[in-house]
Amino acid sequence: MENIQRFDFLVIGGGAAGLTFALEAAAHGSVAVLFKRSPEESSTAWAQGGIAAVSADDDDSSLHAQDTHIAGAGLCNPQIVDIVVREGPQRVQDLVTRGAQFDHQGTNFALHREGGHSRRRILHAGDSTGREVQRALLAAAKANSAIQFFAHTLAIDLITSQKLNQAENQPNLILGAYVLGQDGQVGTFLAEKVLVASGGAGKVYLYTSNPDVATGDGIAMCFRAGCAVANMEFFQFHPTCLYHPQAKSFLISEALRGEGAKLKRINGDCFMQRYDSRAELAPRDIVARAIDNEMKTHGEDHVLLDLSHRGEPFVKEHFPQIYSRCRELGINPGTQPIPVVPAAHYCCGGVVSDEHGRTSIQNLYVAGECSCTGLHGANRLASNSLLETLVFGHRAAQDAIKTRGARKLECTPPPWERGCATMSNEQVLVSHTWEELRRAMWNYVGIVRSDKRLELALRRANLIAREVHDYYWNYIVDRDLLELRNITLVAQLVIHSALRRRESRGLHFTTDYPETKEAYACDTVLDAKEWYHYARTLAGY
Ligand code: FAD
Ligand code: SIN
């Protein structure tokens, strides 16, 4: 990898948010897009159910907004919700113009329904919507000569003017990032405008629906650079991931429940009506907690999701990916129920950003799952995430284009310092610690929490942070170590935020404070200034 590379725009992450930004920025300058692994690997590519956007005659943006607020349990930012539901349909049209193909019924979009939605409004491409979105955006970006792809290239840390020891009273400005190339060398990427669109952090939990790239790198990098992070306690658990020893991270879309699938115990008992009058179509937090409770009460390791009453042809036609994956594993969802369990799915918290995706660092933007715009509040409404990536990928690009040249710092940061780090021959330490942290998060910071469990988790996470810190400074960095460093910090942020919220709301449920309290009707913001010294002490930077 070349030591220093310069671009007009640097995009860290090439899912729906990053590629949307890149395609718009490319008309105004050179763009580098970094992908941690292959360009096809992202949560975007794995999305199943679809994109929530108003298109039917019986629907309107105020209903979409209302459903978003109900799911968000009082914490959605009304201005942001309004922006997303109003601008969303146009962003979907942009996607269609860029080549994405969604299922149609006649001349209209075919629409699915999902939990928490009062109308059918989920447009989709079979049950592989994300694959189609990623395909279309990648094809458009590859065809654009202003965009350069860097696959298997991992951003390590952001470079800011304050890190270069600029006076504290000067505004902090982004300059670029240190980046680990495929050849194992660390280079410097510089750009006037930087977008972090690195996706979610599901890998912080042992069981997750997320792909391996979802290690919260962007959240950790931005926090280390001085950005505030909010609402990290609101980690969404998807109620239905396939329960099978060979099925790592395979989701069974919520759209099945939208088409009438019933949740049952192993003995066939339907239980959702006992928890909520909306039964299987209640918002995700309620459904996931109900399943968790049934499993714990009866000592069962999974529940069942049954759509077999719709018949095999229907299941095969509407959910071809799910049908064929289940068949490969010996389950026929057209004739028998599917074994399912909840798993970590979506990080509602993230880097605090405004209505243009701007962060507190000048010229640094965030978009997509790593951001906290205020859309999701305490619980994300199904299929609102892809919509958010499109709306904020676009808004951030527009702002970045409009404000180019307003404030620039012409300087060359020092190269990455390897110091006296040596090669590690103890990779087992990294893999063991990785497993230990994720298991602690699953056991103590899961669907149902308590102060005692959170404190246990925090003690472990803090110990691990110290070990990772030593390891980070003593050994030459590789991808596993860098990801471990990031998920450790993300775990600390999740636990701290959860300990601060002494109530139950949305995705955060604690047996110590089971009620929702008016005093906590606000975001949990971990302010970088307040937390920086704390984080330095624990994680050592
Ligand atoms: P991603 O699409 O995850 O892209 C992240 C990018 O960042 C990747 O290119 C990755 O390589 C790169 N990256 C990460 N770290 C680094 C680093 N350090 N350096 C360089 N690059 C980096 N939402 C919906 O709205 N509807 C759905 O139907 C739906 N279904 C889902 C199904 C599954 C199984 C999953 C996991 C999620 C689903 N979601 C769904 C959520 C949604 O897919 C994601 O929230 C959304 O796609 C995130 O997009 P993004 O652009 O922010 O990040
Ligand atoms: C699903 O298809 O169930 C996932 C939808 C989402 O996460 O929004």
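Scope of the values below: all heavy atoms of this structure, side chains included, with no hydrogens, waters or symmetry mates. Numbering of ligands and ligand atoms starts at 1, following listing order.
Ranking the protein heavy atoms by distance from atom 11 (O) of ligand 1 puts Lys36 N, 3.0 Å first. Protein heavy atom at the shortest distance from atom 9 (O) of ligand 1 is Gly14 N, 3.0 Å. The nearest protein atom to atom 6 (C) of ligand 2, hydrogens excluded, is given as Arg284 NH2, 3.0 Å; this is a heavy-atom distance. Closest protein heavy atom to atom 2 (O) of ligand 2: Ser253 OG, 2.7 Å. Summary of contacts: the protein heavy atom closest to atom 3 (O) of ligand 2 is Glu254 N, 2.6 Å. His345 CE1, 3.6 Å is the protein heavy atom nearest to atom 38 (C) of ligand 1. The nearest protein atom to atom 8 (O) of ligand 2, hydrogens excluded, is given as Ser383 N, 2.6 Å; this is a heavy-atom distance.
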- [ ] Kindly indicate, with the supporting measurements, whether the criterion ring pair (Phe, Tyr, Trp, His ring centres under 6.0 Å) is fulfilled by Phe392 and Phe21.
- [x] CA-CA 8 Å; Phe392 282 97; Phe21 180 101; over 10 Å; no

Open item on the list: Run the ring pair (Phe, Tyr, Trp, His ring centres under 6.0 Å) test on Tyr205 and Phe235 for me, step by step, so that the C-alpha distance in whole Å, both residues' side-chain angles and the decisive distance to 0.1 Å come before the verdict.
Closed with: CA-CA 10 Å; Tyr205 285 98; Phe235 219 104; 5.1 Å; yes

Open item on the list: One pair to check against side-chain hydrogen bond (donor to acceptor under 3.5 Å, both in side chains): Asn379 and Gln236. What are the steps and the verdict?
Closed with: CA-CA 7 Å; Asn379 182 21; Gln236 184 171 72; 2.8 Å; yes

Open item on the list: Under the criterion side-chain hydrogen bond (donor to acceptor under 3.5 Å, both in side chains), I'd like the reasoning laid out for Asp94 against Gln90: C-alpha separation, chi angles, the key distance, then a yes or no.
Closed with: CA-CA 6 Å; Asp94 295 347; Gln90 183 52 51; 3.1 Å; yes

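Residue contacts with ligand 2: Gln48 is placed with no nitrogen or oxygen under 3.5 Å of a nitrogen or oxygen of the ligand (distance criterion only). Considering backbone and side-chain atoms alike, Asn210 places every N or O at 3.5 Å or more from each N or O of ligand 1. When only interatomic distances are considered, the shortest N/O to N/O separation between Asn384 and ligand 2 does not fall below 3.5 Å. Residue Gly49 places at least one N or O, backbone or side chain, under 3.5 Å from an N or O of ligand 2. Some N or O of Ala16 is nearer than 3.5 Å to an N or O of ligand 1, by distance alone. Residue Glu114 places no N or O, backbone or side chain, under 3.5 Å from any N or O of ligand 1.
When the options Ile70, Val81, Thr68, Leu387 are evaluated for a side-chain contact (heavy atoms from CB on, under 4.5 Å) with Leu381, the one that passes is Thr68. Checking each of Arg113, Arg121, Arg119, Arg380 against Asp67 for a salt bridge (charged side-chain N to carboxylate O under 4.0 Å, His left out) leaves exactly one that passes, namely Arg121. The salt bridge (charged side-chain N to carboxylate O under 4.0 Å, His left out) test with Arg485 is passed by exactly one of Asp157, Asp478, Asp480: Asp157.
Numbered from 1 in the order shown, with element, the atoms of ligand 2 that lie under 4.0 Å from a heavy atom of His238 read 1 (C), 3 (O), 4 (C). Close approach of ligand 1 to Gly49 (heavy-atom distance below 4.0 Å) involves ligand atoms 28 (O). Every atom of ligand 1 is numbered from 1 in the order shown, and the set under 4.0 Å from a heavy atom of Thr153 is 19 (N), 20 (C). Less than 4.0 angstrom separates some heavy atom of Gly368 from each of these atoms of ligand 1: 52 (O). Taking a cut-off of under 4.0 Å to the non-hydrogen atoms of Ala17, the atoms of ligand 1 that pass are 51 (O). Near Ala155, meaning under 4.0 Å from one of its heavy atoms, ligand 1 places the atoms 17 (C), 18 (N), 19 (N), 20 (C). For ligand 2, the atoms closer than 4.0 angstrom to any heavy atom of His345 are 6 (C), 7 (O). Taking a cut-off of under 4.0 Å to the non-hydrogen atoms of Tyr346, the atoms of ligand 1 that pass are 45 (O).
Residue contacts with ligand 1: Leu154 is included, with a non-hydrogen atom under 4.0 Å away. Assignment of Leu386 to the shell around ligand 2 is not supported, since no heavy atom sits closer than 4.0 Å. Distances from ligand 1 to the non-hydrogen atoms of Glu388 include no value under 4.0 Å. Distances shorter than 4.0 angstrom occur between a heavy atom of Ala382 and an atom of ligand 2.
At a 4.0 Å heavy-atom cut-off, ligand 1 touches Thr389 through the side chain alone. The part of Leu251 lying near ligand 2 is the side chain, judged by heavy-atom distances below 4.0 Å. Under 4.0 Å from ligand 1, not a single heavy atom of Gln134 appears. At a heavy-atom distance under 4.0 Å, only side-chain atoms of Asp217, from C-beta outward, approach ligand 1. Within the 4.0 Å heavy-atom criterion, the part of Arg380 lying near ligand 1 is the side chain and not the backbone. Of the heavy atoms in Ala197, only backbone atoms (N, CA, C, O) come closer than 4.0 Å to ligand 1.
Other residues, nucleotides and ligands contribute only 12 or fewer heavy atoms inside 6.0 Å of the CZ atom of Arg86.
Rounded to the nearest 0.5 angstrom, Arg278 CZ and Ser118 OG are separated by 11.0 Å. With rounding to the nearest 0.5 angstrom, the CZ atom of Arg479 is 13.0 Å from the CG atom of Leu484. With rounding to the nearest 0.5 Å, the separation of OG1 in Thr208 from CG in Asn210 is 3.5 Å. Between atom CZ of residue Arg6 and atom OG1 of residue Thr188 there is a gap of 9.5 Å, rounded to the nearest 0.5 Å. In this structure, OH on Tyr346 lies 9.5 Å from OG on Ser43, to the nearest 0.5 angstrom. To the nearest 0.5 Å, atoms CD1 (Ile331) and NE2 (His244) are separated by 5.5 Å.
Not one N or O on the side chain of Ser209 forms a donor-acceptor pair closer than 3.5 Å with the backbone of Leu251.
Ring pair His104/Phe109: centre-to-centre distance below 6.0 Å. Centroid-to-centroid, the aromatic rings of Tyr323 and Phe319 stay 6.0 Å apart or farther.
When Gly50, Gly216, Ser385, Ala47 are ranked by how near their heavy atoms come to atom 26 (N) of ligand 1, first place goes to Gly50. Ranked by closest heavy atom to atom 48 (C) of ligand 1, the top entry among Glu41, His124, Glu369 is Glu369.
Under a 4.0 Å N-O distance rule, the pair Lys264/Asp306 qualifies as a salt bridge.
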